[in-house]
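In what follows, a single structure is set out as C-alpha cells and then discussed.
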Number of protein chains: 2
Amino acid sequence: MTADTKQVIMDTARAMVQARGYSGLSFRELAKEVGVKSASIHYHFPTKGDLGAALARRYADEAIEIFDAFLEASPDIGACMRKYTDVFRSALSNNNRMCLCGIMAAEHDDLPAEVRAEVDRFTDVNIRWLIKLLSRGKSKAAAGAIAQRALAIFAAVEGAQLVARGRGDIAVYDQAIEAYRTAGLLP
Amino acid sequence: MTADTKQVIMDTARAMVQARGYSGLSFRELAKEVGVKSASIHYHFPTKGDLGAALARRYADEAIEIFDAFLEASPDIGACMRKYTDVFRSALSNNNRMCLCGIMAAEHDDLPAEVRAEVDRFTDVNIRWLIKLLSRGKSKAAAGAIAQRALAIFAAVEGAQLVARGRGDIAVYDQAIEAYRTAGLLP
DNA sequence: CAAGGGCTATCTATCGATAGATAGGCGGAG
DNA sequence: CTCCGCCTATCTATCGATAGATAGCCCTTG
C-alpha cells in the first residue's frame, strides 16, 4: 500500500518541469505538492541535478518502450507516425505542458552536465526510432537522406509543440502537424 | 559619443536572455556585464517584467523591418525564404543562442503578462510575414491553407533551432532546413 | 550673468523572499 | 538494536526590489 514516495516525487517533479522548466522546479514547491518536506526530497535525490537526470532518464526509457510498441502494433508507417505525433500532442492536452526534454533543451546552457546528457539521449532515442520507421520497406534507401528527414521530423514536432504552447492553443499543434503531412514531411 | 546606457542594457540583456532565458536573466549579472549597479537597471526598467517586455517589443519591431526589407529586395519567394531561415541561423552561430521569443515561449507559464503579450506579437509578426510571402503570385490561393502552412513553417524553423541548440551543432539546423525544403514544406 | 531649483543618472546599503543544501534527531519496522 | 525514511532547524547564496544620498546638468528667475 506504500505509495512509494520516490515515485510520487518523480511523477510530480516531471509534471512540474513539463510546465515550468528545470529552472522553475523548486524543492520546496515540489515537496509541498508531494506532501513531504524538502529535506526528504534531498534524501532521495541528493542534488537537483540528480533529480533532473533521473527524470530525463526515465522519460527517455519510457519513450523507447512506448514508441517500440507502436512499431510492433502496426505495420503501417502513417499509422505509427500518427501515434507518434499524438504522444507529443498529449503533453499539450495535459494542461498545456511540453515535452520534458523539449523544454529542457531550451535551458541547455544552465543544465547540469548529467541532466544534459540524458536530454541528449532522448533526442537520440527519437531520431533512431524515426529512422527505423522511415526505413520500413525502403530497404535500399539512402541512409543519409532518411537520417536527415528523421531529424527534421523530430525538430518540426518539437517546434509545433513549442509554438502551440506559446499560443496556449492545441489547435495550433494540430494545424502544424496537418501542414507537415500535406507538405509531405510526414509520411 | 554617449553610449546610451539604456541601449547598452537592452543589448546586453537581449544576449543574455537568448543564451539563458528570461528566468536566467539576473539584474546583478546584467549590471556587472554592463558595468553599472543593479539599482541603475531598475532606474531604467522599474521591474523585470518591464525590461523583458521592452526586449521582446524591440525584437518584434526589428523583425518587421528586417523581414519586410527581404520582400522589397527580392521578388523571388525562395530567396526570401532563405534569408528568413538565415536570420534564425544567425542566432545559433552567435554562441549557440536562440530566438528571443522562442526561448521565452518555453518559459510561457512563468512570464509576466506584459512580456507574454510581446512574445505573442513576435509570433504574429512572423506568421503574417510568411503569409504575405506565400501569397505572392497565388492571387487566388486558399487563404486558410496558406495560413496553415505559414504557421507550420514558423513552428518548424523554431523547432530546428531548438533541437540544434540542444545538440550544440549548427549543422543540425542546416540539415533540418534542407530537409524541409526537400520535403516541400519550404518554397 | 549668476544663483538656485529641480531633474537625471547613478551610487551604497539593505530588505524580505526564496533557492539548494546540510546536520542531526526521532520513530517505527525488521 | 539497528537502520530507513522522514522530520526540524538552519545555512549560505542569490533573487528582485527599494530607500536615500549624491554629483552633474539644464532651466528658470531675479
Side-chain angles (χ1 to χ4, degrees), chain A residues 1-56 103-104 106-116 118, chain B residues 1-17 19-56 103-104 106-116 118-119:
Chain A
M1 212 47 248
T2 314
D4 188 348
T5 304
K6 187 165 184 173
Q7 294 310 314
V8 176
I9 290 172
M10 290 187 73
D11 293 343
T12 309
R14 183 176 78 174
M16 291 177 77
V17 171
Q18 287 187 261
R20 320 233 329 248
Y22 176 79
S23 72
L25 176 69
S26 131
F27 272 56
R28 281 177 176 74
E29 269 189 53
L30 172 57
K32 186 175 290 184
E33 194 98 3
V34 172
V36 295
K37 297 299 174 179
S38 75
S40 301
I41 311 287
H42 281 286
Y43 171 77
H44 294 286
F45 304 95
T47 72
K48 189 176 175 179
D50 292 332
L51 173 56
L55 290 178
I103 200 166
M104 278 183 164
E107 305 177 279
H108 178 270
D109 287 7
D110 297 312
L111 255 31
E114 66 267 28
V115 179
R116 195 158 45 218
E118 293 298 332
Chain B
M1 207 51 236
T2 313
D4 187 348
T5 302
K6 188 164 182 174
Q7 294 310 312
V8 176
I9 290 171
M10 289 188 72
D11 293 343
T12 309
R14 183 176 77 174
M16 292 177 76
V17 171
R20 320 233 329 249
Y22 176 79
S23 71
L25 176 69
S26 133
F27 272 58
R28 282 173 177 76
E29 269 188 52
L30 172 57
K32 186 174 290 184
E33 195 99 3
V34 172
V36 295
K37 296 299 174 180
S38 74
S40 300
I41 310 288
H42 280 287
Y43 172 77
H44 294 286
F45 304 95
T47 71
K48 190 176 177 181
D50 291 333
L51 173 56
L55 290 179
I103 200 166
M104 278 182 163
E107 306 176 279
H108 179 269
D109 287 6
D110 298 311
L111 256 32
E114 66 268 30
V115 179
R116 196 158 44 220
E118 292 298 332
V119 171

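Sequence lines set the chain letters: A, B, ... in the order given, protein chains first and strands last, and positions in each chain run from 1.
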Legend entry - Axial cation check for B/Y43 ring with B/K6, 6.0 Å and 45° limits: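 No.
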
Give the rounded distance in Å between these two atoms: [atom1] of [X] and [atom2] of [N].
| X | N | atom1 | atom2 | answer |
| --- | --- | --- | --- | --- |
| B/I9 | C/dA9 | CD1 | P | 10 Å |
| B/R20 | D/dT14 | CZ | P | 12 Å |
| A/H44 | D/dC6 | NE2 | P | 4 Å |
| B/D50 | D/dG16 | CG | P | 14 Å |
| B/Y22 | D/dC15 | OH | C1' | 12 Å |
| A/E29 | C/dT18 | CD | P | 9 Å |
| A/K6 | D/dC6 | NZ | C1' | 15 Å |
| B/F27 | C/dC11 | CZ | P | 15 Å |

Legend entry - A/R28 vs A/K37, nearer the 5' end of DNA chain D by closest nucleotide: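 Looking at the nearest nucleotide for each, A/K37 comes out on the 5' side.
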
Return no unless some side-chain N or O of [X] is found under 4.0 Å from OP1 or OP2 of [N].
| X | N | value |
| --- | --- | --- |
| A/S40 | D/dG5 | no |
| A/T5 | D/dC6 | yes |
| B/H42 | C/dT10 | no |
| B/Y43 | C/dA9 | yes |

Inset, instruction - Check every strand shown and say whether A/L25 touches a base, only sugar-phosphate, or nothing at a heavy-atom separation below 4.0 Å. - result: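 Since only primed, P, OP1 and OP2 atoms lie under 4.0 Å of A/L25, the category is sugar-phosphate.
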
Inset, instruction - Pick base, sugar-phosphate or nothing for B/K48, based on heavy-atom distances below 4.0 Å to the nucleic acid. - result: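 Sugar-phosphate only.
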
Inset, instruction - Indicate yes or no for a side-chain donor-acceptor contact from B/D11 to the backbone of B/V8 under 3.5 Å, with no hydrogens or angles considered. - result: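 No; judged by distance alone, with no hydrogens or angles, the pair does not exist.
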
Inset, instruction - Test side chain to side chain contact (heavy atoms under 4.5 Å, CB included) on B/M10 and B/L55 and set out the steps. - result: CA-CA 7 Å; B/M10 289 188 72; B/L55 290 179; 4.1 Å; yes

Inset, instruction - Starting at CG of A/L51, measure out to NE2 of A/H42 and round the result to the nearest 0.5 Å. - result: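 These two atoms lie 9.5 Å from each other.
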
Inset, instruction - Could you verify whether a donor N or O on one side chain and an acceptor N or O on the other, from B/T12 and B/E33, lie under 3.5 Å apart? - result: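 Note: B/T12 and B/E33 side chains miss the donor-acceptor criterion.
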
Legend entry - Of the listed nucleotides D/dC15, D/dA9, C/dC11, the one nearest the side chain of A/A39: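 Closest nucleotide among those given: D/dA9.
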
